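Only one structure is covered here, and it is reproduced in the block below.
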Amino acid sequence: MALPGGFNLIELGSVGSTNDEAKSLAATGAPDGTVVRAASQTAGRGRNGRTWVSEKGNLYFSLLVRPACTAQIAVQLSFVTSIALAQTLSGNLPVTTAVTCKWPNDVLVDDKKIAGMLLESAPLGKGPLDWLVIGIGVNIASYPCDVMYPATSVHAAGAPNIAADELLAAFCRRFAKWRTIWIDDGFVPVRDEWLARAAGLGGEIGVHLASGSITGIFDGLDEQGTLIVLREDGERTKITAGDVFFPTASNQ
Ligand code: BTN
């Protein structure tokens with residue numbers, strides 16, 4: 001299969017983790033836009049040390065970018081990625097499905113997780129980040145049942161004929177478009193687009209943190225993409241890392 005200009009596809013069979021493959025390639029000078037895709041993974045990783053079950057039939061890939069900015073700014077690419085992924089899925093699923101973004105970087109379809117991403121970067125120094133690997137898993141044919149957050153797949157969501165190849169190529173086109181907007185116009189249009197699709201904005205959310213859980217109203221994102229939670233006492237708490245849940249949802 002072919003990807004749009006600016007992307008260079010490496011297709012593999014079974015690997016440990018496409019993120020590890022992409023990180024090795026980054027260390028040996030692979031260019032921005034390298035995409036490592038695998039049919040399956042034996043050691044797929046999710047966020048916070050979780051396992052990402054990676055059987056054949058779903059989409060597993062890692063995109064290597066060389067962002068020419070600091071790590072703090074490069075994190076905004078996770079929102080660029082989420083938008084690109086959400087728009088790609090939205091364009092391929094029945095019009096009645098709701099495709100939303102869940103902070104920090106999940107995509108939901110009708111409130112169920114269909115895709116997630118894991119960002120890993122070069123060791124942090126003072127200057128621009130040497131590389132960032134954006135690892136993405138999209139449930140196409142199957143989805144896990146015994147997970148913390150309810151899941152679904154492209155097929156289960158009503159698009160049984162969509163091929164992973166098509167989705168990957170469409171994702172790359174949208175990613176390139178939104179990355180250009182981000183470079184030219186900054187984070188504001190990206191944040192606006194992400195918030196327009198944000199799951200639970202203005203409603204009650206909970207966040208599992210390393211130190212425990214908090215609840216409050218999902219009040220938006222700051223200029224870095226940090227989550228803002230309005231607490232019962234009127235304080236606004238800013239969160240850079242955690243797992244969001246929706247306390248009133250019936251499916252959790
Ligand atoms: C999450 O939601 O917890 C993130 C899941 C990220 C999974 C993808 S699959 C391709 C890439 N390789 C990995 O080992 N993980 C990411």
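Note that the structure is predicted; figures quoted are calculated from it, not measured. Just so you know, ligand 1 is whichever comes first in the structure, and atom 1 is the first atom listed for that ligand.
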Contact atoms of ligand 1, heavy-atom distance to [X] under 4.0 Å:
X	result
Asn19	11 (C), 12 (N)
Gly44	14 (O)
Asp106	2 (O)
Phe61	10 (C)
Gly46	1 (C), 3 (O), 4 (C), 5 (C)

Would you tell me which option among Lys113, Met148, Arg50 has the nearest heavy-atom contact to atom 1 (C) of ligand 1?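 Among Lys113, Met148, Arg50, the closest heavy atom to atom 1 (C) of ligand 1 comes from Lys113.
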Tell me whether [X] contacts the main-chain N or O of [Y] through its side chain, where contact means a donor paired with an acceptor under 3.5 Å.
X	Y	answer
Asp32	Arg66	yes
Gln87	Arg174	no
Asn105	Ser82	no

Using a plain distance cutoff, I'd like to know if [X] has any nitrogen or oxygen under 3.5 Å from a nitrogen or oxygen of ligand 1.
X	result
Tyr60	no
Ser17	yes
Arg47	yes
Ser62	no

Whether Gln41 lies under 4.0 Å from ligand 1, heavy atom: yes
For [atom], find the nearest protein heavy atom and state the residue, atom name and distance (0.1 Å precision).
atom	value
atom 11 (C) of ligand 1	Thr18 OG1, 3.3 Å
atom 6 (C) of ligand 1	Arg45 O, 3.5 Å
atom 5 (C) of ligand 1	Trp52 CE3, 3.3 Å

Is the NZ or CZ atom of Lys102 both under 6.0 Å from the centre of the six-membered ring of Phe245 and within 45° of that ring's axis?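 No cation-pi geometry.
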Could you check whether Arg47 pairs with Asp243 (Lys NZ or Arg NE/NH1/NH2 to Asp/Glu carboxylate O, under 4.0 Å)?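 Judged by the 4.0 Å cut-off on N to carboxylate O distance, Arg47 and Asp243 do form a salt bridge.
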Less than 4.5 Å apart, any side-chain heavy atom of Trp131 and any of Lys23? yes
Residue pair Arg37 / Leu59, side-chain heavy-atom distance below 4.5 Å: yes
Counting heavy atoms only, which part of Asn48 comes closer than 4.0 Å to ligand 1: side chain, backbone, both or neither?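 It is neither; nothing of Asn48 touches ligand 1.
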Examine the proximity of ligand 1 to Met117 and report which part, side chain or backbone, both or neither, has a heavy atom under 4.0 Å away.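 Met117 to ligand 1: backbone contact only, side chain stays beyond 4.0 Å.
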Can you tell me if Asn19 and Ser62 form a side-chain donor-acceptor pair at under 3.5 Å?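 Indeed, the side chains of Asn19 and Ser62 share at least one donor-acceptor pair under 3.5 Å.
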Passing option when Arg231 is tested against Thr237, Ile217, Thr215, Asp219 for side chain to side chain contact (heavy atoms under 4.5 Å, CB included): Thr237
Minimum heavy-atom separation for Ile140 and Ile162, please, with both atom names. CG2-O, 4.1 Å
